[in-house]
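Encoded as structure tokens, the structure appears first; notes follow it.
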Amino acid sequence: MKWNLILAGCLFGAVLSADYVSIENSKEQEHYRIRESDGKITFVSTKPNPFYDKLKVSFEPGCVIVDTGEFFQAPGAKTILVRTSRRPAAEWAGKKVTAKAEVSCNADGAVRLYLEGSRGPENKHYWSATAFPVFAEKSVLEQSSVVPEDLTYLWGRVDIEKPGVYRIGGCGITVPEEPKVDSTVNYLHNGGAEREFYATGMNGYDFIKRVEDGTVWDGRGKIWTKPIEVSLDDTVKHSGKYSFRIVSTPESAGRFNLNPVPFIPGKSASFSCWLKGERENQRADLHLFLGNGIALGKTVSLGKEWSKYELYVPEWGKDAPGVTRVNDVVNGYAAVTGVVIPYVSSDATFWLDDAAYSVGGHSEFKAGDGLNVSARLNKDTHCYWPGEAVTARLKLSNSGAAPRTAKV
């Protein structure tokens, strides 16, 4: 069966539609050059190059058309590359940059969208890419990355690795508007434990339990024999009605998480909380966790009295005094979500209360008006089939001294 691939591409740049005027088949360099009226060029080539002669390239208003014909039938044929003109990148260096492309395919296709360039005086190769499935319905694909501060040139690239009839248009590279931040916002929904266990969660290690004795083994010699225990404490508290009491020992496994919170590359982040230990000089760690192998942490020393502690990052993505940064918290695999999970750990029992997280300044917990609402979904898995009814149990409580009237 003969496969045809039609690919429409337009130049990545400030202008999202291209005025193509001519095409050149550069046999010597084994690629096609499609020129625009303003002089910009889109290049079409193949990998490996010996299959370049199987391409038929033309253009129409706003589109480059590449008919692969028998390209993907050739043994060893892998990829078609559509690459835009390189542009000086001084205006983008160190910023979050987004490549966009409008793509459709007559079959179940696949593309890989690149931000690509050179960096430093030696023009070292820079790239960041995301793979996408594409279908008959047109969709806008985006690939975002905070590019290096020593970036010298940048261009866009679309790789086609699967046969089909593709159309790629509306391409561009943009720098998103500077996000507005409000440092007074506390993104933790239940940092004071007044909503009981709402907006919290536990990470256990049941999936790596050893069959023979039920202990948890990390594969590197560390063995845990029991999980941590979390409860609400209405006696030992910093304020309000409750605090979180976390019973932990050196043999305890697990993690008590607060709700995910956002981060903005280049902006500050602050996770603060009030903590109390069961002994003096008790070690504890404040964490901002993105994913396995990507996190921020700060070690503190607890006492038997309540004290406030803070993990503060003046500029997200850069080192901070007293804070340990593990791998890339801006472009690492887990950073794509745009959120982190705050939690506190210790090897002994401790109490947690009045936690806050903010962007753009130092976080400060502010008590509510006493009325609290929490909810629990009717399925512990939190997973539902399409069309399945989703129900939840709401609970209202009043932590104030006077009776209150509430309407939900």
Side-chain angles (χ1 to χ4, degrees), residues 7-21 31-45 47 59 61-66 79-105 110-120 123-134 138-161 166-179 264-267 316-317 328 330-333 335-336 338:
L7 180 145
C10 58
L11 184 68
F12 284 69
V15 180
L16 300 184
S17 61
D19 179 20
Y20 296 109
V21 295
H31 65 231
Y32 286 85
R33 299 177 185 176
I34 304 92
R35 295 184 182 274
E36 298 180 47
S37 58
D38 60 3
K40 296 187 180 74
I41 302 174
T42 295
F43 302 88
V44 180
S45 60
K47 187 167 60 176
F59 68 89
C63 292
V64 173
I65 302 174
V66 182
T79 311
I80 297 170
L81 293 77
V82 177
R83 188 171 62 251
T84 67
S85 293
R86 72 175 191 170
R87 295 185 58 185
E91 62 180 300
W92 296 324
K95 297 181 179 179
K96 183 177 181 180
V97 176
T98 299
K100 294 183 179 181
E102 195 174 69
V103 185
S104 65
C105 180
V111 301
R112 198 174 296 266
L113 181 60
Y114 281 80
L115 284 166
E116 189 173 27
S118 57
R119 57 182 299 186
N123 287 323
K124 293 183 178 180
H125 186 215
Y126 163 77
W127 64 271
S128 175
T130 302
F132 297 94
V134 291
K138 189 184 301 181
S139 59
V140 176
L141 311 181
E142 295 187 8
Q143 154 62 19
S144 297
S145 181
V146 176
V147 298
E149 293 185 354
D150 61 349
L151 195 69
T152 53
Y153 288 94
L154 187 67
W155 56 88
R157 193 177 108 194
V158 177
D159 283 10
I160 310 298
E161 300 175 343
Y166 291 78
R167 287 196 165 269
I168 302 178
C171 305
I173 289 180
T174 62
V175 176
E177 292 185 7
E178 189 78 10
I264 300 176
K267 300 295 184 182
W316 189 272
D328 189 348
V330 173
N331 291 319
Y333 80 93
V336 67

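Fair warning: this is a prediction, and the values are worked out from it, not measured in the lab. Residues: numbered from 1 along the sequence shown.
Using the six-membered ring where Trp is involved, W127 and Y114 have ring planes that are tilted, between 30° and 60° apart.
Evaluation of the salt bridge (charged side-chain N to carboxylate O under 4.0 Å, His left out) rule for K47 yields no partner, not counting sequence neighbours. Shown here are the side-chain hydrogen bond (donor to acceptor under 3.5 Å, both in side chains) partners of T79, two or more places apart in sequence or in another chain: there are none. Applying the side-chain contact (heavy atoms from CB on, under 4.5 Å) rule to Y126 yields the partners R119, S128, S145, V147, P148, L151, L154; only residues at least two apart in sequence or on another chain are considered. Partners of F132 according to the side-chain contact (heavy atoms from CB on, under 4.5 Å) rule, which considers only residues two or more places apart in sequence or in another chain, are V111, L113, T130, L141. In this structure, the side-chain contact (heavy atoms from CB on, under 4.5 Å) partners of A335, at least two apart in sequence or on a different chain, are F263, L290. Remark: A131 pairs with R112 by the side-chain contact (heavy atoms from CB on, under 4.5 Å) rule, at least two apart or across chains. In terms of the side-chain hydrogen bond (donor to acceptor under 3.5 Å, both in side chains) criterion, K95 has no residue partners (sequence neighbours excluded).
Rounding to the nearest 0.5 angstrom, the gap separating the NE2 atom in H31 from the CG atom in L81 is 12.0 Å. Taking CG of L115 as the reference point, atom CH2 of W155 lies at 11.0 Å (rounded to 0.5 Å). Between atom NE2 of residue H125 and atom OG of residue S118 there is a gap of 9.0 Å, rounded to the nearest 0.5 Å. Put simply, CZ on R35 and OG1 on T42 are 11.0 Å apart, with the number rounded to the nearest 0.5 Å. The line from CD of E116 to CG of D159 is 8.0 Å long, rounded to the nearest 0.5 Å. Atom CD1 in I41 sits 16.0 Å away from atom OH in Y32 (nearest 0.5 Å).
Looking at every heavy atom in both residues, S144 comes nearest to T98 through OG-OG1, 2.7 Å. Nearest approach of G317 to V330, heavy atoms of both residues: CA-CG2, 3.5 Å. Minimum heavy-atom separation, V134 to A110: CG2-N, 3.7 Å.
At distances below 3.5 Å, not a single donor-acceptor pair connects side-chain atoms of T152 with backbone N or O atoms of G120. Formation of a donor-acceptor pair under 3.5 Å by the T84 side chain with backbone atoms of G156 is found in this model.
Residue R33 qualifies as enclosed at atom CZ: its count of foreign heavy atoms under 6.0 Å is above 12. Shown here is E91, whose CD atom has more than 12 heavy atoms of other residues, nucleotides or ligands within 6.0 Å.
Contact annotation: the side chain of R87 never approaches that of Y153 to less than 4.5 Å [non-hydrogen atoms, C-beta and beyond].
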